[in-house]
2 protein chains.
Amino acid sequence: MPKKKEVHPERTRIGDRIARWTIPREDILDLLIRTQQHLTAKEIYAALNPLNPDMGLTTIYRTLELLDTSGLIRKIYTGDGQARFEYKRADHADHHHHLICSVCGKILNYRDFEKEELDLVRKTEEILARKHGFLIRDHNIEFLGLCGDCRSGGKRSTIPGR
Amino acid sequence: MPKKKEVHPERTRIGDRIARWTIPREDILDLLIRTQQHLTAKEIYAALNPLNPDMGLTTIYRTLELLDTSGLIRKIYTGDGQARFEYKRADHADHHHHLICSVCGKILNYRDFEKEELDLVRKTEEILARKHGFLIRDHNIEFLGLCGDCRSGGKRSTIPGR
DNA sequence: CCTTGTAATGATATCCATTATCATTATAAA
DNA sequence: TTTATAATGATAATGGATATCATTACAAGG
Ligand SMILES: [Mn+2]
Ligand SMILES: [Mn+2]
Ligand SMILES: [Zn+2]
Ligand SMILES: [Zn+2]
């Protein structure tokens, strides 16, 4: 008996932007939803290759572009020369900020201080709109520093240039 | 009478990292100090070429790397595929955040809410240090949205991909 | 000033992430 | 099952940034 075709419920968020829901799209979205990491296109390729060796890197790039444009994922630039991606819920309930180690490149999500941050962000958005005529749509906040491992002079990065 | 060689006072911030203070270094640093914009290597090249046609793009990249490592400038990634640079005072008195138009790519500096922001950032840093063992060194905050021009459907970007 | 060792430069080649092209494949509707 | 074509994947091309290396010019000492 052939396995029933799986269609992830999040597929609906893409709407009319696409005509067909394919294996690569299912697999890439699924991986991003399940992982806690911030993956690059190559990392996604490496992760899915054992499962589906026919999937090309080009499709990964294209699918990531699609998911990003559709708002299902967020594209992150940490400055190491490659974009990273993470899943983003439709209701923004998983909104968070980043803590980046400048030595090993590790990225931590954090969502403490929701209240104060929200207040500040909202207030700032108002002022910026009034003073500069901007319509604020989103924000990025990131803290840069040294993670525990790198503070204790321990581990070295495997990321070139860190 | 030969013109006295100019050496920018900020040169001292680089310290022993270099042995010679050269024309390109003087010109690039000077340009970044004087401009209000966030320039790419190519933009710097274009700006300085009329003044000094012998300066190569490679030197621009190398000098920017030097200035960044020395803490005189800040490297910014806005996601359009090229790094941008801005001058950074030693006393951090010019610390600010960014307002980025997602349509035309315009970048605005803003420094409102110094007090509230400072409080929040300090508080956040403490918690992050305690909970995640991070030593915070810096932070980036950016707001994304539509600038006045792009809200009114006016100007289009000259930046490819926006 | 002049000389000189070498840091810095710039032309060029190379790297590498991302995008463009295009023939082939496979989805989904009929 | 058929079929129109969206989507894929191999490949080439693009473009920002870096590596190489012969040449230049800074600055210290004479
Ligand atoms: Mn995250
Ligand atoms: Mn700025
Ligand atoms: Zn680390
Ligand atoms: Zn704009």
Side-chain angles (χ1 to χ4, degrees), chain A residues 2-8 11 14-29 39-46 48-49 52-70 75-85 105 159-162, chain B residues 1-8 11 14-29 38-46 48-49 52-70 75-85 105 159-162:
Chain A
K3 190 165 63 175
K4 178 93 163 295
K5 171 74 147 312
E6 295 173 37
V7 173
H8 201 285
R11 183 252 174 276
I14 301 182
D16 285 344
R17 239 176 293 259
I18 61 169
R20 299 171 186 175
W21 188 247
T22 62
I23 308 277
R25 287 169 179 176
E26 174 77 27
D27 288 351
I28 293 169
L29 177 58
L39 302 174
T40 66
K42 276 194 171 169
E43 284 167 354
I44 293 171
Y45 179 81
L48 296 180
N49 195 54
N52 180 1
D54 290 337
M55 198 186 326
L57 189 54
T58 307
T59 299
I60 311 251
Y61 277 110
R62 268 189 301 233
T63 303
L64 290 171
E65 159 76 18
L66 169 72
L67 295 174
D68 185 35
T69 314
S70 306
K75 196 173 188 176
I76 301 164
Y77 305 93
T78 54
D80 65 344
Q82 51 202 317
R84 293 175 179 276
F85 301 86
I159 300 177
R162 298 266 191 176
Chain B
M1 180 166 76
K3 189 164 64 173
K4 178 94 162 295
K5 169 75 150 311
E6 295 173 35
V7 173
H8 201 285
R11 183 254 175 275
I14 302 182
D16 285 343
R17 239 177 291 261
I18 60 168
R20 300 170 187 175
W21 188 247
T22 61
I23 308 276
R25 286 168 179 179
E26 175 76 28
D27 288 351
I28 293 169
L29 177 58
H38 305 79
L39 302 175
T40 66
K42 275 194 171 168
E43 285 167 353
I44 293 172
Y45 180 80
L48 295 180
N49 195 54
N52 180 2
D54 291 336
M55 198 186 326
L57 189 54
T58 307
T59 299
I60 312 251
Y61 278 110
R62 268 189 301 233
T63 303
L64 290 170
E65 159 76 18
L66 169 71
L67 294 174
D68 184 36
T69 315
S70 305
K75 197 173 186 176
I76 301 166
Y77 305 94
T78 53
D80 65 344
Q82 50 201 319
R84 294 176 179 276
F85 301 85
I159 300 178
R162 300 262 194 179

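Within every chain, numbering begins at 1; the chains are lettered A, B, ... in the order of the sequence lines, protein sequences first and strands thereafter.
- Which of D:dT5, C:dA8, D:dG9 sits closest to the side chain of A:Thr58 comes down to D:dG9.
- Residue A:Leu48 contributes atom CG, which lies 11 Å from atom P of D:dG9 at whole-angstrom precision.
- A distance-only check finds no donor-acceptor pair linking the side chain of A:Arg84 to the backbone of A:Ile76 [under 3.5 Å].
- Here the side chain of B:Tyr61 is nearest to one of D:dA7, D:dG16, D:dG9, namely D:dG16.
- Here A:Arg62 lies in heavy-atom contact (under 4.0 Å) with a base.
- C:dA7 atom P lies 17 Å from atom CZ of B:Arg17, rounded to whole Å.
- Atom-to-atom, CD1 of B:Ile60 to P of D:dA17 comes out at 12 Å; the value is rounded to the nearest Å.
- The CG-P distance, from B:Asp27 to C:dT9, rounds to 11 Å in whole Å.
- For the pair B:Glu26 CD and C:dT9 C1', the computed distance is 17 Å after rounding to whole Å.
- Taking 4.5 Å as the limit, every side-chain heavy atom of A:Leu29 sits out of range of all side-chain heavy atoms of A:Arg11.
- Residue B:Tyr77 is the one, among B:Tyr77 and B:Asp54, whose nearest nucleotide of DNA chain D lies closer to the 5' end (criterion: closest heavy atom).
- Judged purely by distance below 3.5 Å, without hydrogens or angles, the side chains of A:Arg25 and A:Thr63 never pair a donor atom with an acceptor atom.
- Taking atom CD of residue A:Glu65 and atom C1' of nucleotide C:dA20, one finds them 13 Å apart after rounding to whole Å.
- In this structure, A:Leu57 reaches neither bases nor backbone, as no heavy-atom distance under 4.0 Å exists between it and the strands shown.
- As a whole-Å value, the separation of A:Leu64 CG from D:dT8 P is 12 Å.
- Distances were taken from every side-chain heavy atom of A:Gln82 (C-beta onward) to each of D:dT8, C:dT18, D:dG16; the shortest belongs to C:dT18.
- In the set C:dT19, D:dA17, C:dA28, C:dA28 carries the atom at the smallest distance from any side-chain atom of A:Arg20.
- If you check C:dA17, D:dG9, C:dA8 against the side chain of A:Thr59, the one that comes closest is D:dG9.
- Spacing between atom CG of A:Asn52 and atom P of D:dA7 amounts to 17 Å, rounded to whole angstrom units.
- Side-chain contact check for A:Glu26 versus A:Trp21: some heavy-atom pair is nearer than 4.5 Å.
- The side chain of A:Thr40 contributes no N or O atom lying less than 4.0 Å from OP1 or OP2 of C:dA17.
- A 4.5 Å side-chain heavy-atom check between B:Lys75 and B:Tyr77 finds at least one atom pair inside the cut-off.
- Nearest-nucleotide positions on DNA chain C place B:Ile18 closer to the 5' end than the other of B:Ile18 and B:Tyr45.
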